[in-house]
Amino acid sequence: MKYNWVIIFVILFTSCKDKIASDVINIDSNEEVKTSIERAGEMDLEVYDFNGFKKFLNKKDDKMYVINFWATWCAPCVKELPYFEKINKAYHNQNVEVILVSLDFPHLYDSKLKPFIKEKNLKSKVIALDDADMNTWIPQIDKNWSGSIPATIIYNKNDSKFFEQSFTYEGLENEIIKLLN
Amino acid sequence: MKAPVLLSVLFLVFINSFFNINPIEDTGYQIGDVVSDFELKNIDGNMVSLSDYKDAKGFIITFTCNTCPYAVLYEDRIIALDKKYASKGYPVIAINPNNPKTKPGDSFEEMQKRAKEKGFTFPYLVDEGQQVYPKYGATKTPHMFILKKTSKGNVVKYIGAIDDNYKDASLVKIKYVENAVDALLSGNEIEQKETKAIGCSIKI
């Protein structure tokens, strides 16, 4: 099953490679906070540049936010997604919200990301971050982040922790419990 | 009923304190460190070390692989770097840090294939046993390290990304690696010694 995905991906990726240049989204205007809703059938996908995305890192309400950076091409990310889904469900009534931030390539949103969200039936909020100038925004998320994914931020209005690692379910739950108490 | 729940939670917390991996610390080489040499197998079967390059002024080391989409997007730009800088004394050396058991697409045979398809002009080395990338503190592919040969040894001068736009080479505003090598070649201080970029985690 795993290999099927690799093969499908390789095919998709190779076939789309030449299209990359024409699919570039303009990210020149830094001042303007851009949010575009991409429609593919009935599915909407919120796409943000970093300025637009920042609001998800600075919420000051009574919730705990679990922000996971992932991509469909990242095998360890895909492996841990069910744990985030489980947390979102199990801790929903304790004011914990999971937000899955996809770093998939924009030209694969329709062919790869949206079908993935649908197939896996992801219940957590999924948004896409598309900002090519990574050296500008990566250090703003955490100064120690080298840029590898998966990476996760767990925060509430009092505290914030950053993890550049894969989680087990227990390991993730453990961090949630620590911040809840 | 409450006690067992609490106990099991405590037990889980206890167990996890052993297994929970802390966020990756900056344990590898830092700017200014002298690196130790390596001896790694190239796709042609020969062993390659930094000391083989008698005439080099330094090196553009890239930890890269076949399977990471970011690495693939940068392949042409890595080839261009070698074409531009090898003759000036800064050859590219590519090292695949991934464990082929975890990532079959990064096996020795697949590396040979990819290098041939793309026409790599530089060595593409296997980090067999994954001993080299942790020394550098490489965490992802692609991850660049520029070394300068000095009387003390090969000194780390730059760590990070190739440029500021992975999607499209024509939209790049800052060529971090080129700027760094140009600065080294002209004897100037490198302006941006470290940069960050998203990449695929190294498969262990």
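All heavy atoms count here, side chains included; hydrogens, waters and symmetry mates do not. Throughout, a chain's letter reflects where its sequence line sits, starting with A, and its residues are numbered from 1.
In terms of heavy-atom proximity, B:Tyr70 sits nearest to A:Leu103 at OH-O, 3.6 Å. Of all the heavy atoms in B:Tyr166 and A:Ala132, the pair that sits closest is CE2-CA, 3.9 Å. Residues B:Pro69 and A:Phe105 share a closest heavy-atom pair of CB-CE1, 3.1 Å. A pairwise comparison of heavy atoms in A:Ser146 and B:Lys140 identifies O-CE, 2.7 Å as the closest pair.
The closest side-chain heavy-atom distance from A:Met134 to B:Thr195 is not below 4.5 Å. Looking at heavy atoms from C-beta onward, B:Ile198 lies in side-chain contact with A:Trp137 at the 4.5 angstrom threshold.
No side-chain donor-acceptor contact under 3.5 Å links B:Lys196 to the backbone of A:Asn144.
Annotation: B:Glu117, atom CD; neighbour count of heavy atoms from other residues, nucleotides and ligands within 6.0 Å is above 12. More than 12 heavy-atom neighbours from other residues, nucleotides or ligands sit within 6.0 angstrom of NZ on A:Lys59. More than 12 heavy atoms of other residues, nucleotides or ligands shown are found within 6.0 angstrom of CD1 on B:Ile31. In A:Lys86, the NZ atom is not crowded: 12 or fewer heavy atoms of neighbouring residues, nucleotides or ligands sit closer than 6.0 Å. For B:Lys57, the NZ atom sits in a loose shell: 12 or fewer heavy atoms of surrounding residues, nucleotides or ligands are nearer than 6.0 Å. The environment of NZ in A:Lys54 is crowded: more than 12 heavy-atom neighbours from other residues, nucleotides or ligands sit within 6.0 Å.
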Could you walk me through whether B:Lys167 and A:Asp130 satisfy the salt bridge (charged side-chain N to carboxylate O under 4.0 Å, His left out) test, starting with their C-alpha distance in whole Å, then the side-chain angles of each, then the deciding distance to 0.1 Å, before giving a yes or no? CA-CA 10 Å; B:Lys167 284 192 286 194; A:Asp130 173 32; 2.7 Å; yes

Determine, step by step, whether A:Asn135 and B:Asp164 satisfy the side-chain contact (heavy atoms from CB on, under 4.5 Å) criterion, reporting the C-alpha distance in whole Å, the side-chain angles of both residues, the deciding distance to 0.1 Å, and the verdict. CA-CA 7 Å; A:Asn135 188 49; B:Asp164 67 353; 5.8 Å; no

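Atom CG of A:Asp131 and atom CG of B:Asn165 lie 9.5 Å apart (nearest 0.5 Å). The structure places SG of B:Cys200 at 3.5 Å from CH2 of A:Trp73, a figure rounded to the nearest 0.5 Å.
Both the backbone and the side chain of A:Ile149 come within less than 4.5 Å of a heavy atom of chain B. Both the backbone and the side chain of B:Ala197 come within contact range of chain A, each with at least one heavy atom under 4.5 Å from a heavy atom of that chain.
Residues B:Ser201 and A:Ser148 have side chains that never bring a donor and an acceptor to within less than 3.5 angstrom of each other.
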